[in-house]
Amino acid sequence: MTRRPETSSPASRLYQQAADALSHEIARGLLPDGRALTQVGVAERFGISRAPARKALEVLVGLGLLAKQESGRFRVTTNALPIDAPLPEHSGLRLTAQTGWERIYPEIELAIVSRSSLGSWRLNEAALARHHGVSRTIARDVVGRLQNRGIIDKDERGRWFAPGLTAHHMDQLFELRWLLEPVAMEKALPHLPAGLLDAMRDELEAAMEKGAQRDAGLLDYLEHRLHVELLGYCGNDALIRAISLPQSLLIAHHMLYQLTLELFGTEPFLAEHLEVVNRLRAGDIDGAKGALIAHLRISRRRSLLRIEAVQDMIQPAPLPYLERIDAG
């Protein structure tokens, strides 16, 4: 089995940013010798939780820039400017803008949805907050977004879980897609920018050429062009929100494409997308809607084949906030 490495967590990046900012000020004498620093003070200054703040201070102790006292406080240990030296403008830097739920959400969503091909998972909100070094409020915002997207739900005991992509669950999600997406496409057609359909046709034909490189990134992009970008011109925000729920499947495809590029020999959805685009270019909306429904019905079966193919190929690295609760 291939064990997929995890990227460094946002919490680790936050403590390093805080440590870098503080070491820069110490080196320039802007935090003078003897200046006291506390975990709470660093957390409040940079808008981060106490865990990465503590880690940042420990890093500076290891570099010899701080000394830890018995009281739990830390003091700068280098001789520099007088204690009342003014701090520069950048010393008010806050990392809050990078610690909200928007910053960590994409990584968490991908981690959950990509694992859903292997089974169902229990999500622990407190462990999620600890792992990413954020407050429970931010973790709660992430969980709320995941619920709105249909990626997690509550069981009969009120616990959060992410359902596995079983055949039954896939049937439900794809049925929503082939009911809603043709409606959005029809509404979008009059509002499409000039040249969009021609550009999509050219991209698909280029990807279908013999010898063309079709990597996971390109396939993700082409899926997004039809099912997200084009439909986004429908002008109905409520409809787009409804469509985005079952389209959580597209996130899982990012991992599935990478692992199953050779499963079908050539990627069959390219010709199906081209059929939809060409009918739209010809003004044949009924034909385009029929081609889109046919594509989604076939895609359901291909997605199941991809999921079956990867179940014995991967073993994702453990995450402290996710617990496997069935075998899928």
Side-chain angles (χ1 to χ4, degrees), residues 106 109-110 113 116 145 148-151 165 167-209 212 214 216-254 256-257 264 266-307:
E109 183 181 65
L110 179 59
V113 177
S116 64
R145 174 65 172 170
N148 290 338
R149 288 275 283 152
I151 294 169
L165 292 179
H168 176 67
H169 189 46
M170 295 280 279
D171 285 343
Q172 292 179 326
L173 292 173
F174 268 101
E175 184 176 9
L176 275 175
R177 292 187 66 188
W178 66 59
L179 288 172
L180 298 177
E181 291 191 28
V183 176
M185 184 173 65
E186 182 173 14
K187 289 180 174 294
L189 183 58
H191 309 293
L192 298 181
L196 175 62
L197 291 175
D198 289 344
M200 292 175 66
R201 175 202 57 194
D202 294 344
E203 292 165 354
L204 290 164
E205 289 180 344
M208 293 170 66
E209 289 181 359
R214 291 182 289 269
L218 174 62
L219 297 177
D220 280 345
Y221 167 76
L222 295 174
E223 286 273 51
H224 188 276
R225 282 283 259 178
L226 177 64
H227 296 292
V228 179
E229 182 179 346
L230 188 149
L231 299 184
Y233 289 101
C234 78
N236 186 323
D237 292 340
L239 179 57
I240 290 300
R241 285 196 296 272
I243 288 173
S244 70
L245 194 156
Q247 281 186 342
S248 61
L249 291 170
L250 296 180
I251 304 162
H253 285 178
H254 177 79
L256 299 178
Y257 280 145
F264 299 106
T266 59
E267 185 51 55
F269 85 73
L270 299 175
E272 295 161 14
H273 278 211
L274 185 59
E275 175 71 12
V276 175
V277 169
N278 281 337
R279 288 186 177 273
L280 288 174
R281 292 177 62 247
D284 180 9
I285 186 60
D286 289 337
K289 289 166 69 175
L292 178 58
I293 292 171
H295 161 61
L296 290 171
R297 289 182 182 274
I298 298 170
S299 293
R300 173 199 165 275
R301 179 56 186 160
R302 282 199 297 263
S303 293
L304 286 173
L305 289 174
R306 290 187 186 281
I307 289 169

Practice item. With side chain to side chain contact (heavy atoms under 4.5 Å, CB included) as the test, would you mind laying out the steps for L280 and M200 before giving the verdict? Key: CA-CA 11 Å; L280 288 174; M200 292 175 66; over 6 Å; no

Point to revise | Verdict with supporting geometry, H273 and E223, side chain to side chain contact (heavy atoms under 4.5 Å, CB included) | key: CA-CA 9 Å; H273 278 211; E223 286 273 51; 3.3 Å; yes

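I293 CD1 to R297 CZ: the interatomic distance, rounded to the nearest 0.5 Å, is 7.0 Å. Atom CD of E275 is separated from atom NE2 of H295 by 12.0 Å, given to the nearest 0.5 angstrom. If you take SG on C234 and CE on M185, they are separated by 12.0 Å, rounding to the nearest 0.5 Å. Note that CG of L292 and CD of E272 are 10.5 Å apart. Values are rounded to the nearest 0.5 Å. To the nearest 0.5 angstrom, L197 atom CG is 11.0 Å from D202 atom CG. E181 CD to L296 CG: the interatomic distance, rounded to the nearest 0.5 Å, is 5.0 Å.
Listed by chain and residue number, K289 satisfy the salt bridge (Lys or Arg N to Asp or Glu O under 4.0 Å) test with E186 (two or more places apart in sequence, or in another chain). Every residue two or more places apart in sequence or in another chain that forms a salt bridge (Lys or Arg N to Asp or Glu O under 4.0 Å) with D198 is listed here: R281.
Listed by first then second residue, pairs satisfying side chain to side chain donor-acceptor pair (under 3.5 Å) with a partner in residues 228-242 read R225-E229, not counting sequence neighbours.
Residues L231 and A188 come closest through the heavy atom pair O-CB, 4.3 Å. Across P182 and R177, no two heavy atoms sit closer than the pair CD-O, 3.7 Å.
Within 6.0 Å of NE2 in H191 there are more than 12 heavy atoms belonging to other residues, nucleotides or ligands.
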